[in-house]
Amino acid sequence: MKHIHAGKVRDLYEDGDSLILVASDRVSVYDVVLPTPIPDKGALLTQLSNWWFRYLSDVPNHVLSATDVPAEFAGRAVRVKPLKMVQVECIARGYLSGSGLKEYQRTGSVSGVTLPPGLREGDKLPVPIFTPTTKASQGHDEPITFTDVVRQEGREAAERLRELTLAIYTRGAAYAAERGVIIADTKVEFGWDGDVLTLGDEVLTSDSSRYWPAAHWSPGRPQPSFDKQFVRDWATSTGWDKEPPGPEIPADIVAATRAKYAEAYALITGEEWSQLH
């Protein structure tokens with residue numbers, strides 16, 4: 001087995017004709033990996049993603065096996081098909097938050113999609129929108145428009161990327177709403193398995209999505225969350241300039257972050273993480 005790539009949070013190994021995708025306990029905010037790991041994070045996200053892959057089983061995905069992985073990676077790794085990855089971060093937004101909010105406040109639009117005037121932070125959008133970004137190996141991803149995706153990938157592929165991204169978000173958000181969770185937005189990645197556009201990486205996790213408790217949703221302010229926004233907010237409060245190196249995370253913030261990941265897992269899957277592990 002050969003280590004071929006280290007991402008901000010995941011490591012990739014070549015194993016015969018397939019790949020082993022391993023989620024670490026590292027946490028990345030503002031594209032910087034913080035020096036303090038979050039215990040169980042890799043396993044929590046892997047198992048939540050696997051649950052969503054099963055839920056969305058009619059969407060082609062890269063998972064070959066969630067169990068046929070080396071013992072040292074058990075629970076936090078999946079065996080996957082090699083894909084020719086599309087160099088676009090595919091983002092769907094149903095609510096206004098994060099970088100989308102900042103762009104809207106500046107321009108009245110997000111990734112070229114014009115939105116109604118007067119929207120506030122946390123507002124639900126009239127319909128979910130596709131707001132792609134670049135896929136930077138270093139530094140920050142930058143917003144691009146659907147036209148940019150057409151130019152890069154061709155119209156047919158761009159339309160399929162948008163269609164799949166919005167379908168995954170819409171279906172996931174509808175299910176989560178029944179469990180008391182608002183999925184405000186999500187990021188998905190696709191690659192080509194031959195000529196089939198295939199879902200890769202992770203799907204609808206609380207790292208790749210904003211998870212808000214529906215009972216506490218109140219537009220016009222930042223929303224409480226079940227995701228790594230909690231760590232982002234803490235990191236920002238330290239006065240950190242969002243450039244490497246990131247600050248060490250105190251023990252109480254580590255524990256609270258792990259608890260939020262575990263709560264998100266339990267709400268979506270109906271299984272308590274503490275009872276399984």
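Because the structure is predicted, anything quoted here is derived from the model rather than measured.
- Side-chain contact of D148 with Q152: a donor-acceptor pair under 3.5 Å is absent, judged by distance alone.
- A donor-acceptor pair under 3.5 Å is formed between the side chain of R26 and the backbone N or O of G7.
- Taking the six-membered ring where tryptophan is involved, the planes of W212 and Y95 are perpendicular, since the angle between them exceeds 60° and thus also 30°.
- Side chain to side chain, H5 and D11 fail the donor-acceptor criterion of an N or O pair below 3.5 Å.
- For the residue pair S111/T131, the side-chain donor-acceptor check at 3.5 Å is not satisfied.
- Looking at E142 and T134, their side chains never bring a donor and an acceptor atom within 3.5 Å of each other.
- Between Y175 and W51, the ring planes are tilted. Angles from 30° to 60° get that label.
- W273 and Y265 have perpendicular rings, their planes meeting at more than 60° on a 0 to 90° scale where under 30° would count as parallel.
- Under a 3.5 Å cut-off, the side chain of W52 and the backbone N or O of L204 do form a donor-acceptor pair.
- The closest donor-acceptor contact from the side chain of R232 to the backbone of V29 lies at 3.5 Å or more, if one exists at all.
- The number of heavy atoms from other shown groups lying within 6.0 Å of CD (E72) is above 12.
- Without hydrogens or angle criteria, S49 side chain to E202 main chain gives no donor-acceptor distance under 3.5 Å.
- If you check the side chains of T205 and S208, you find a donor sitting under 3.5 Å from an acceptor.
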